[in-house]
Amino acid sequence: MNKKKYSRRKFISVLSASSAALTLPTVVPAGPYIKSSTAKLAVGGGAPVRTKPWPQWPAMIVDEQMLNNITATTKSGNWSRINNPVNGTVATFEKKYAALTGAKYCVGTGSGTQALGVCVDALNIQPGDEVITSSYTDFGTISSILAARALPIFADLDYPSYQIDAAAIAQKITPNTKAIMPVHIMGSACNMDAIMAVANKHHIPVIEDACQANFAKYKGRQLGTIGQLGCFSFQGSKQIAAGEGGAVIGNDDALMDKVYTIQNHGTNRKGQNTTIGQKLRMNEFEGSIILSQLDKAVERFEKRNENANYLSSKIKNIPGLTPQLQYEGTNSSGYYLYAFTYDKKHFNNVERQVFLKALNAEGVPAGGYIKGMQHDLWATNILELSGYKKSYTNQQIKLFKDSLELPSCDRVTETVVVISAGAILLGTKADMDDIIHALEKVYANRNSLA
Ligand SMILES: Cc1ncc(COP(=O)(O)O)c(C=O)c1O
């Protein structure tokens, strides 16, 4: 493993160094758009661009209606969805969310991880089967595959979008591939036309991990409704937040019945135990808190898109910063995170963490998101499990190990900068200007970054 890590790191540094030498000057002259060029960086003792605190998510969305709804649920004594299966908060949420997304059905679950896991089970995915997915994701994605003792096979990313690459998926398909699980990372669309073409060619179902992508649209359709099944998360940091919570959407009657049954410990809507399933039900408090947000969630989604488009229109003019690529046909994004790529060649060759420290000091809370190498950790753990040793052939283990070679993913983990979008992208234009000015200021002072 260590040897492998080293070689992959080396590959990345060689790649960066060679492209730097070939294509770009070390010092990029400031353009006329750079505003705060004379101000000293806050990290060096200057005044920060912004001192005003940013609102906190999800505390900022607590309102009277939410408190009243939770009180009403508490007083009703109906705390489980089975107490009121038709008009309870979970059942009402399911109807409303299906209508909002354009899906025929929605089933609530206790988390996004559970939603994905229920889909894996509903597609009869078993030990010995493979699911192709992205390693640039929350661990919940992978966990949902591992819970069925199925084998996650990673396909590399399309670097500028950070999304799983359809061509890489095509190369990983085997007779054991039972599903493709694309992740709409940051809340923006994967290249769904290309992914569905690969999936349809091989008759493989697609489970969309839209956990970060509520309401986002691609070619007029909401993410989560393009594959056979789509999954969402309402974890506390998400754009619709309930502490924990999740949902599956889909159009196929039989499959969505199965989804319901599996999340209800294998018991169908008629009360008959028909299959294996854990108890993964959303509870009425979660339903209540989600319902309180739904209408405003749509307004907030629109506001985030407006602000993100404004940010991108400015950030793309700062050398070395490139907003996440949105595929042709993307109508909107969920913007769980606003993301851009940092190219150190334009910033006096300083590492991303130096850039981030300077940006944070200017009052912009930005970070690096998912750390590299998490797929290597998974690999080591999985291969130690006796169930995995028993269920997979040497050829499959090799396929799995080979799928851990992810040069684009490694590059993404080292170069992406994210701004948590839940609260921040709901700000005013002046708030967005603070972000832009901070970035411009860091760029203008790049030669003093060390
Ligand atoms: C892309 C992605 N997939 C899956 C999950 C898992 O969702 P949850 O945390 O609700 O289990 C998350 C949540 O963080 C996510 O962002």
Side-chain angles (χ1 to χ4, degrees), residues 57-58 90 93 97 106-121 131-148 150 152 154-155 157 161-164 179-190 192 195 206-216 222-224 226-227 229-249 259 263 278-283 285-287 289-290 293 297 304 324 333-339 367-371 374-375 378 409 412-413 416 418-422:
W57 189 266
V90 176
F93 150 73
Y97 200 67
C106 169
V107 174
T109 59
S111 71
T113 306
Q114 292 176 8
L116 290 161
V118 166
C119 294
V120 168
D121 288 344
V131 177
I132 299 176
T133 191
S134 168
S135 94
Y136 192 61
T137 184
D138 179 81
F139 187 65
T141 312
I142 314 305
S143 170
S144 73
I145 300 166
L146 299 179
F154 300 108
L157 306 184
S161 69
Y162 328 140
Q163 309 287 2
I164 192 168
I180 298 169
M181 194 183 278
V183 179
H184 302 295
I185 202 72
M186 317 297 178
S188 295
C190 294
M192 284 310 286
I195 291 174
V206 169
I207 305 167
E208 287 179 74
D209 180 341
C211 284
Q212 303 187 350
N214 316 78
F215 308 135
Q222 282 199 33
L223 300 184
I226 300 169
L229 294 163
C231 294
F232 296 87
S233 163
F234 307 115
Q235 188 269 339
S237 66
K238 293 294 183 327
Q239 305 92 312
I240 300 171
E244 303 292 348
V248 181
I249 59 171
V259 163
Q263 63 81 46
Q278 297 187 47
K279 187 140 85 69
L280 307 169
R281 298 192 292 237
M282 178 181 276
N283 71 52
F285 293 101
E286 290 161 343
I289 200 164
I290 292 170
Q293 293 167 58
R304 287 191 192 102
Q324 178 185 18
S333 165
Y335 287 115
Y336 173 58
L337 296 164
Y338 178 84
Y369 200 34
I370 295 166
K371 292 195 176 65
Q374 52 175 345
H375 33 269
W378 298 332
C409 180
V412 169
T413 61
V416 157
V418 298
I419 297 174
S420 181

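Keep in mind that what you see is a predicted model, and the values were worked out from it rather than measured. Counting begins at 1 with the first residue of the sequence. Order of appearance sets the numbers: ligands from 1, and atoms from 1 within every ligand.
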| message | Quick check against the 3.5 Å criterion: does Gln293 have a side-chain atom that pairs as donor or acceptor with the backbone of Ala241? | response | yes
| query | What part of Ser111, side chain, backbone, both or neither, has a heavy atom within less than 4.0 angstrom of ligand 1? | reply | both
| note | If you compare Gln114, Glu244, Lys238, Gln235 by their heavy atoms, the one closest to atom 13 (C) of ligand 1 turns out to be Lys238
| field | Closest contact, heavy atoms only, Tyr162 versus Met186 | value | CD1-CE, 3.9 Å
| task | For atom 8 (P) of ligand 1, state which one of Gly112, Gly110, Ala242 supplies the nearest heavy atom. | result | Gly112
| request: For the pair Met181 and Cys119, evaluate side chain to side chain contact (heavy atoms under 4.5 Å, CB included) and give the outcome as yes or no after the intermediate values. | output: CA-CA 10 Å; Met181 194 183 278; Cys119 294; over 6 Å; no
| said: Main chain of Gln263, side chain of Gln114: is a donor-acceptor contact present, judged purely on distance under 3.5 Å? | reply: no
| request: Hey, can you tell me if Phe215 and Tyr97 have their rings parallel, tilted or perpendicular (30° and 60° cut-offs)? | output: tilted
| field | atom 3 (N) of ligand 1: the protein heavy-atom neighbour that sits closest, reported with distance to 0.1 Å | value | Asp209 OD2, 2.7 Å
| Shortest non-hydrogen separation from Cys190 to Pro182 and the atoms involved | SG-CB, 3.9 Å
| To the nearest 0.1 Å, how far is atom 5 (C) of ligand 1 from its closest protein heavy atom, and which atom is that? | Asp138 OD2, 3.4 Å
| request: For atom 11 (O) of ligand 1, grab the closest protein heavy atom and report residue, atom and distance to one decimal in Å. | output: Thr113 OG1, 2.5 Å
| query | So which protein heavy atom does atom 16 (O) of ligand 1 come closest to, and at what separation? | reply | Gln212 NE2, 2.8 Å
| Under 4.0 Å from any heavy atom of Thr137, which atoms of ligand 1 are there? | 1 (C)
| For ligand 1, which atoms have a heavy atom of Val183 less than 4.0 angstrom away? | 1 (C)
| field | Side chains of Cys106 and Ile249 in contact at under 4.5 Å (non-hydrogen atoms) | value | yes
